[in-house]
Protein chains: 2
Amino acid sequence: MFLTPKQEKVLNFIRKRVGERLPPTIREIGEDLGFKSTGTVRDYLKALMQKGLVRRMNNKSRSIELTQRASFNKIPIIGTIMAGKPNLAYEEIQGYVDADDLFLGRLGFDDVFALRVKGDSMIDAGILDGDVAIIKKRPDANNNDIVAALLDNNEVTLKRLRSKAGKFHLEAANANYPPIFEEFKVIGKLITVIRKY
Amino acid sequence: MFLTPKQEKVLNFIRKRVGERLPPTIREIGEDLGFKSTGTVRDYLKALMQKGLVRRMNNKSRSIELTQRASFNKIPIIGTIMAGKPNLAYEEIQGYVDADDLFLGRLGFDDVFALRVKGDSMIDAGILDGDVAIIKKRPDANNNDIVAALLDNNEVTLKRLRSKAGKFHLEAANANYPPIFEEFKVIGKLITVIRKY
DNA sequence: TGACATACCACACATTTGTGTGGTACCATA
DNA sequence: TATGGTACCACACAAATGTGTGGTATGTCA
C-alpha cells in the first residue's frame, strides 16, 4: 500500500512548490496537473492526507503542509563514508537527513547567532579558521560543552568549558594555548559548525 | 532613512511567519498587530515595498516575499570569534549569513547528497567522526580538493585529491593513513561540512 | 453481482483574501 | 500656509480560494 503514480505526481508538485516558496492553492495544483475540477484535486488531497503525507487547515488558503515523512528538505544519506557500498543512483538510501534540521533544528532564530571562527585555538576539536559557528544564547552550558565566552577584556572566544573543583574555566583545543582562568561570562553554546569549501 | 518602529514590527511579523511556514495574509498581519483596517496594513506593505524590503504579487493570497535584504534566513554575524567586541544586543552586526546559502547555497538537490563521516582519517582537516559531509556530484574536482572517491573494493572514502607528475592519488589528513595509489573514481566534491553538537 | 478504490468532471456556494476609495489626526519641514 | 510623511479607520467590492454535492467511468477483489 503506497502511492499511485498520480498521487505521487500531486505530492511532487506540492513538494516543489513548498520548496520553492508558497504551497499551492487547490486550483494551482489542478492547473499544473491538468485537472479541470477542484473536486479532483480535493480527492487527491484527501488520499494524501489519509496516507499521512499531508496536513491541511480548514478554509485557509495555501495551508497544505508536508508531514515529516513527506518533507522535501531531505538529503539522502547514501552511506557512511569509509564503509559500505553506496549506490549513487540513490537505490540504497539508508535514511534521510532533514536539511533544516541538520542546519538549525527547530530552534527559533531569536536566540541563535553566528560567529566566524578566527584562529586555530580549537583546531584539535576540528574547528578551523573560517568556519561558521552557530551559537545558541540563553546557555544551559555544561561541563565539556564548547561555548562562546565573553572575557574581561571584551573579547569573545570559543573554548571548551571545564569544571574543576566546582569552578569553571576555559580550555582551548590546541596545546599552544593555555587554559583561561580569568573571569568570563558564557554567552552561548556551540550547536553547529559549518564549513564551506 | 530607515524603518520606523512600527514598520519594523510589521516586517518582523512577516519574517516570523515566513520563517515558520506561511507568509501571512493582510488580515492576519492586521490581527496580530492590532490594526482594525486592512487599509492600514496595506499602507505598511506599501512602505516596506518602497524601501525594497518586501515584494508582492497582485491578487495572490499570501504572496508577500522578503527581498534578499530583508530575508529572514539570515543569521547575524556579530563578530569574528577571538577578536572584536561584539555586542550581543545585535547592535554591531557586521553582516549577514544567509542560512540557506550557508548550508547548500543555490544548488539544486539533484546533484547533492550527504555522507556521514566515519573514522578519523581526515581529522587533520578538521573533519571528525560523525560529521555530515555534503557532496556535490558531477565533479570538476581539482588538485587539493577534498573528494568522495569510490575505490576498487567498492568502498567510498573521503580524501584529499593530489596530483603528482600528472597522476592523481588520494591522501588522508592523518599521518596514520598512507596515501592511496590504487584505482579510484571521484564521485563528488566536498562542498560543506556540518557538525551538530 | 456488490462493494470499494481510483480517477475524473461540473457547478454552486461560502469564505477568505486582496483592492480601492475616502476619511481623520498628528507632526515636521519648506 | 502648504506639502508630505506617518499612522490609523470604515467600508464596499472584486477576485481568489476552499467546500460540497452529485455525477460518470474503470478496474479489482470477494
Side-chain angles (χ1 to χ4, degrees), chain A residues 1-67 69-70 72, chain B residues 1-67 69-70 72:
Chain A
M1 175 279 203
F2 219 42
L3 294 183
T4 68
K6 297 274 190 149
Q7 290 173 355
E8 182 98 36
K9 274 188 185 171
V10 173
L11 182 61
N12 279 335
F13 177 68
I14 296 170
R15 280 190 176 121
K16 185 178 151 214
R17 282 302 195 80
V18 169
E20 280 173 10
R21 268 199 35 71
L22 276 179
T25 64
I26 287 176
R27 280 170 183 81
E28 284 172 354
I29 297 174
E31 264 172 58
D32 189 84
L33 304 211
F35 298 134
K36 284 174 188 158
S37 168
T38 55
T40 304
V41 178
R42 282 165 61 78
D43 286 347
Y44 278 105
L45 291 182
K46 206 183 294 174
L48 291 176
M49 284 172 70
Q50 275 166 0
K51 295 186 179 179
L53 297 165
V54 147
R55 247 192 315 277
R56 295 180 67 226
M57 284 159 83
N58 286 347
N59 298 318
K60 282 251 159 272
S61 68
R62 303 180 188 277
S63 63
I64 303 177
E65 236 181 317
L66 295 168
T67 60
R69 175 182 203 180
F72 183 69
Chain B
M1 176 276 202
F2 219 44
L3 293 184
T4 67
K6 296 275 190 151
Q7 290 173 353
E8 182 98 36
K9 275 187 184 173
V10 173
L11 182 60
N12 279 335
F13 178 69
I14 296 170
R15 280 190 176 122
K16 186 178 152 212
R17 282 305 194 79
V18 169
E20 280 173 9
R21 268 199 34 70
L22 274 179
T25 63
I26 287 177
R27 280 170 183 82
E28 284 172 354
I29 296 173
E31 265 172 56
D32 189 83
L33 305 212
F35 299 134
K36 285 173 187 159
S37 168
T38 55
T40 304
V41 178
R42 281 163 62 79
D43 286 347
Y44 277 105
L45 290 181
K46 206 184 293 175
L48 291 176
M49 284 173 70
Q50 275 165 1
K51 295 186 178 179
L53 297 165
V54 147
R55 246 193 316 274
R56 294 180 67 225
M57 284 159 84
N58 286 346
N59 299 318
K60 281 250 158 274
S61 68
R62 303 180 189 277
S63 64
I64 302 176
E65 236 180 317
L66 296 168
T67 60
R69 174 182 204 181
F72 184 70

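Quantities reported herein were computed from a predicted structural model and do not represent experimental measurements. Both backbone and side-chain heavy atoms feed into the values below; hydrogens, waters and symmetry mates do not. So you know, we letter chains A, B, ... as the sequences are listed, proteins then strands, and number each from 1.
In this entry the distance linking NZ of A:Lys6 with C1' of D:dA25 reads 14 Å, nearest Å. The distance between atom CG of A:Asn58 and atom P of C:dT15, rounded to the nearest whole Å, is 12 Å. When the P atom of D:dA15 is taken as reference, atom CD1 of A:Ile26 falls 21 Å away, rounded to whole Å. Atom CZ of A:Arg62 is separated from atom P of D:dA16 by 11 Å (rounded to the nearest Å). Separating the CG atom of B:Leu48 from the P atom of D:dT6 is a distance of 11 Å, rounded to the nearest angstrom. Across the protein-nucleic acid pair, B:Leu33 atom CG and D:dA7 atom P stand 12 Å apart, rounded to whole Å. Atom pair A:Lys46:NZ and C:dA5:P shows a separation of 11 Å (rounding to whole Å applied). Rounded to an integer number of Å, the gap from CE of B:Met49 to P of D:dG5 is 17 Å.
Among the atoms of the strands shown, base atoms are found under 4.0 Å from some heavy atom of B:Thr40.
Under 4.0 angstrom from either OP1 or OP2 of D:dT6 there lies no side-chain N or O belonging to B:Tyr44. Checking the phosphate oxygens (OP1, OP2) of D:dT19, a side-chain nitrogen or oxygen of A:Arg56 falls inside 4.0 Å. Residue A:Ser61 places none of its side-chain N or O atoms closer than 4.0 Å to OP1 or OP2 of D:dA16.
Side-chain proximity of A:Lys60 to C:dT17, C:dA7, C:dC9: nearest is C:dT17. Distances were taken from every side-chain heavy atom of B:Ser37 (C-beta onward) to each of C:dG18, D:dA10, D:dT6; the shortest belongs to D:dA10. Residue B:Arg42 places its side chain closer to C:dT19 than to any other of C:dC9, C:dA7, C:dT19. Among the nucleotides D:dT6, C:dG18, C:dT15, the one closest to the side chain of A:Asn59 is C:dT15.
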Exercise for the section: Give the intermediate values and the outcome of side chain to side chain contact (heavy atoms under 4.5 Å, CB included) for residues B:Val41 and B:Val10. Expected result: CA-CA 8 Å; B:Val41 178; B:Val10 173; 5.8 Å; no
Practice task
Could you walk me through whether A:Arg56 and A:Ile26 pass the side chain to side chain contact (heavy atoms under 4.5 Å, CB included) test, one step at a time?
Solution key: CA-CA 11 Å; A:Arg56 295 180 67 226; A:Ile26 287 176; 3.6 Å; yes
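Rounding to the nearest 0.5 angstrom, the gap separating the CG atom in B:Leu45 from the CG atom in B:Leu53 is 11.5 Å. Annotation: the span from B:Ile29 atom CD1 to B:Lys9 atom NZ amounts to 15.0 Å, rounded to 0.5 Å. Remark: B:Ser63 OG to A:Arg62 CZ distance equals 7.0 Å, nearest 0.5 Å.
Mapping B:Lys36 and A:Thr38 onto DNA chain D by nearest heavy atom places B:Lys36 closer to the 5' end of the strand. Heavy-atom nearest nucleotides on DNA chain C were determined for B:Met57 and for A:Gly34, and the one closer to the 5' end corresponds to A:Gly34. Both A:Asp43 and A:Pro24 lie close to DNA chain D; mapped to their nearest nucleotides by heavy-atom distance, the more 5′-ward contact belongs to A:Pro24.
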